[in-house]
Amino acid sequence: MIKSENHSIRQINLILKVILVIGVIGELVFFPSIPNFFGCVMAVISYMVFSYFFKVVYIKLFPFAFLMYLSMFMYRFLPLIATLVEGKPITYGFERPYQTFIGETILFLISSIAFYFACNPHKATIKNNLIQKTLDKFKFYEINPPIIWAMGLIGFVIKAYNLSKGGVEYGDVSGKFLIGLEYLMFAPICLLFPDLIRLKYKKTKLVWVYTILVITLNVASNKRHLIITPFGTMGLLFFLHVIFKNINITKLTSPLKFIVGGFLILISLNFLSNLSTAMLHTRDVMLYDAEQRNNADKIKAFEQTIETLQNESLMNRLKEKKNKKEYKPLTNYHQNWSEEYVDNFMLARYANMRITDETLYLAEKKGYGNKQMLDFFQTSLIGLLPSPILKLFGIPFNKSLYEFSRGDLLSGRSLGGYRVTSHLGDGLATFGYWYLIIQAVVFFIVFKFLNTFIYYGKKTVIYAPLAIMSIFNFLGMFRNANGISGNISYLLRGYLQDIITYLIIFFIVKMLFMIANPRLTVTTKNI
């Protein structure tokens with residue numbers, strides 16, 4: 001029986017409500033305009049709808065689908081707050097504000113309907129489907145600490161190898177296979193909250209040491225989004241831990257610890273911001289674009305980033321240059337592609353609604369239901385098949401000809417820049433208004449697939465270790481990237497590929513441990 005009363009949810013809800021009220025008042029006082037008012041309405045509607053699903057029953061029974069839904073809410077809620085903190089209106093740089101806010105509100109309502117039907121806790125009983133029963137036979141929902149550590153070390157070694165190797169070219173099957181296993185390095189981090197995978201583990205000091213090594217390795221990649229991943233993984237695991245344990249946040253720590261903790265968080269955020277600035281400078285110094293960045297010398301880039309961080313005078317100049325940038329005129333869409341919106345690189349990944357505004361502008365220029373966009377979408381579906389399978393069936397397909405993103409094609413500019421796109425702009429450009437219905441169906445199926453990472457027992461629910469290890473991925477399943485193509489790619493390839501590769505590694509590690517210790521068991525299930 002899941003208790004409806006939850007201290008942590010009630011407190012988080014109150015915090016969100018206060019932030020929203022302050023955000024709306026601040027926006028209308030400092031930036032009064034009708035477009036900004038529409039942005040406030042979008043944020044209010046999004047919060048009202050989200051609060052209906054922000055309940056322990058949805059989070060506990062459907063945690064991974066909920067995290068994807070959470071990213072949808074963040075995209076409509078955070079822009080109001082993030083821009084206001086930086087002294088900007090929510091419409092900063094917008095050229096299609098009404099279409100953007102109305103369109104994103106409609107898409108969020110449609111997404112919420114898909115979530116409602118895919119995640120229904122009001123059934124008499126929650127039953128496991130054929131996929132869940134099949135996965136259960138393969139011990140998919142079971143694991144133990146030794147196997148977790150072994151998987152983590154495998155992932156760590158793979159990540160280190162990939163960094164030393166550089167990028168992966170099209171057609172490199174082994175390289176792509178290894179990249180698909182990098183998430184394994186986050187496995188031991190799960191042991192900070194072992195109750196989520198029904199384990200008892202007390203050697204947390206060792207886990208913290210390992211976590212620091214993972215963070216260092218990700219910094220060495222010189223990719224800013226990888227800096228966020230370890231922190232995001234720990235943050236989401238902590239979030240679920242607090243919700244499931246019904247922890248009263250106000251009683252979680254003493255006032256002194258709260259102050260010290262807040263101080264450490266501010267220091268960490270400042271360090272991450274400086275690190276981001278140093279990374280961007282390294283890219284400028286080494287003069288490589290998105291494609292060349294994958295093939296660049298990662299060790300040299302890492303050394304350059306650390307040297308920049310240690311050069312106080314250089315860092316001051318870079319910060320001053322960054323601040324002066326705010327006073328320069330914004331780039332118009334007809335001049336060039338521009339993602340300038342929120343300065344904070346972490347928030348920019350989940351709150352950059354200017355991408356929607358820009359891609360809607362480009363979609364209008366290209367025309368809704370554009371044949372070129374649709375043809376590329378269909379071609380991309382064929383490209384999802386691994387090269388060996390394409391060769392096996394005699395399908396001629398040169399993947400090197402498609403080394404560009406949907407954002408590149410939509411922008412009509414140089415291909416190979418790997419520009420991101422929004423779900424809304426890309427969808428309307430590809431399918432016209434039929435996109436809204438197609439996207440609702442796709443989201444429904446994605447939510448259903450994510451729910452197979454949960455096994456429902458008579459008294460409890462069990463979460464697949466694979467999903468807990470890669471939990472941060474679910475929060476990124478709606479962010480600006482490849483739009484609906486990214487969702488369909490996950491359904492047709494990513495989902496099955498993750499399960500198969502995980503099970504292969506799991507059984508290899510298990511077999512080796514069983515040879516070394518025949519008494520070892522992975523049974524953690526007690527339903």
Side-chain angles (χ1 to χ4, degrees), residues 15-47 71 73-102 104-105 224-225 227-228 231 262-263 265-281 315-333 335-361 420 422 479-480:
I15 293 172
L16 290 176
K17 212 177 280 186
V18 171
I19 290 175
L20 178 62
V21 171
I22 294 174
V24 171
I25 294 175
E27 188 74 24
L28 298 181
V29 169
F30 295 108
F31 307 105
S33 71
I34 296 178
N36 292 339
F37 172 75
F38 270 72
C40 293
V41 171
M42 176 195 68
V44 171
I45 292 175
S46 299
Y47 169 74
S71 69
F73 164 69
M74 289 167 59
Y75 190 67
R76 281 85 178 190
F77 184 85
L78 287 179
L80 175 66
I81 312 304
T83 52
L84 190 62
V85 169
E86 295 183 358
K88 305 171 184 174
I90 190 174
T91 53
Y92 181 75
F94 279 26
E95 297 183 28
R96 295 291 187 276
Y98 298 112
Q99 295 95 319
T100 296
F101 294 136
I102 293 173
E104 286 293 357
T105 301
R224 293 187 297 170
H225 73 276
I227 303 175
I228 309 173
F231 296 99
F263 181 70
I265 290 175
L266 288 176
I267 292 176
S268 300
L269 291 176
N270 183 62
F271 171 75
L272 291 176
S273 179
N274 289 341
L275 185 59
S276 172
T277 301
M279 281 184 172
L280 289 176
H281 177 69
M315 286 298 298
N316 289 334
R317 291 198 302 271
L318 292 173
K319 291 177 184 178
E320 185 178 352
K321 181 181 177 181
K322 182 179 178 182
N323 292 332
K324 285 183 178 179
K325 183 181 177 183
E326 297 176 5
Y327 300 99
K328 293 182 180 180
L330 273 167
T331 302
N332 294 324
Y333 299 151
Q335 294 175 317
N336 202 352
W337 175 268
S338 174
E339 297 180 18
E340 184 180 346
Y341 187 59
V342 180
D343 294 333
N344 186 291
F345 81 97
M346 290 184 287
L347 284 176
R349 300 187 65 80
Y350 302 96
N352 195 340
M353 188 162 280
R354 194 183 181 205
I355 298 296
T356 295
D357 187 77
E358 185 168 12
T359 51
L360 282 176
Y361 166 86
V420 298
S422 70
R479 65 180 176 82
N480 292 322

**Prompt:** Where do R76 and T356 land on the side-chain contact (heavy atoms from CB on, under 4.5 Å) test, with the steps shown first?
**Reply:** CA-CA 11 Å; R76 281 85 178 190; T356 295; over 6 Å; no

Separation between OG1 (T359) and CH2 (W337), nearest 0.5 Å, reads 6.5 Å

Output for pair (L347 CG, E86 CD), nearest 0.5 Å, gives 7.5 Å

May I ask you to test the V41-F101 pair for a side-chain heavy-atom distance under 4.5 Å?
no

From the list L80, I81, L84, L78, side-chain contact (heavy atoms from CB on, under 4.5 Å) with I19 holds only for I81

Which donor-acceptor pairs under 3.5 Å do the side chains of residues 21-35 make with protein atoms, sequence neighbours left out?
residue, atom, partner, partner atom, Å
E27, OE2, I90, N, 2.9
S33, OG, N36, N, 3.2
S33, OG, N36, ND2, 2.9

Does Y361 form a side chain to side chain donor-acceptor pair (under 3.5 Å) with Q99? I'd like the steps, not just the answer. CA-CA 9 Å; Y361 166 86; Q99 295 95 319; over 6 Å; no

Rounded to the nearest 0.5 angstrom, the CD-CG distance for E95 and D357 is 6.5 Å

Value for CE (M353) from CD (E104), rounded to nearest 0.5 Å, stands at 4.5 Å

S338/R354 under side-chain contact (heavy atoms from CB on, under 4.5 Å): CA gap, chis, key distance, verdict | CA-CA 9 Å; S338 174; R354 194 183 181 205; 2.9 Å; yes

Heavy-atom closest pair (V342 atom, A351 atom, distance to 0.1 Å) is CG2-O, 4.2 Å

Task: Heavy-atom check, side chain of P79 versus side chain of Y341, under 4.5 Å - done: yes

Checklist entry - Is the closest side-chain heavy-atom distance between F38 and T105 below 4.5 Å? => result no

Between the NZ atom in K17 and the CD1 atom in I15, the distance rounded to the nearest 0.5 Å is 12.0 Å

Check your understanding: Short question: side chain of Y75, backbone of N352 - any donor-acceptor pair under 3.5 Å?
Key -> yes

Closest non-hydrogen contact found for A43 with L20 is CB-CD1, 4.0 Å

Interatomic distance, OG1@T83 vs OH@Y92, rounded to 0.5 Å, equals 11.0 Å

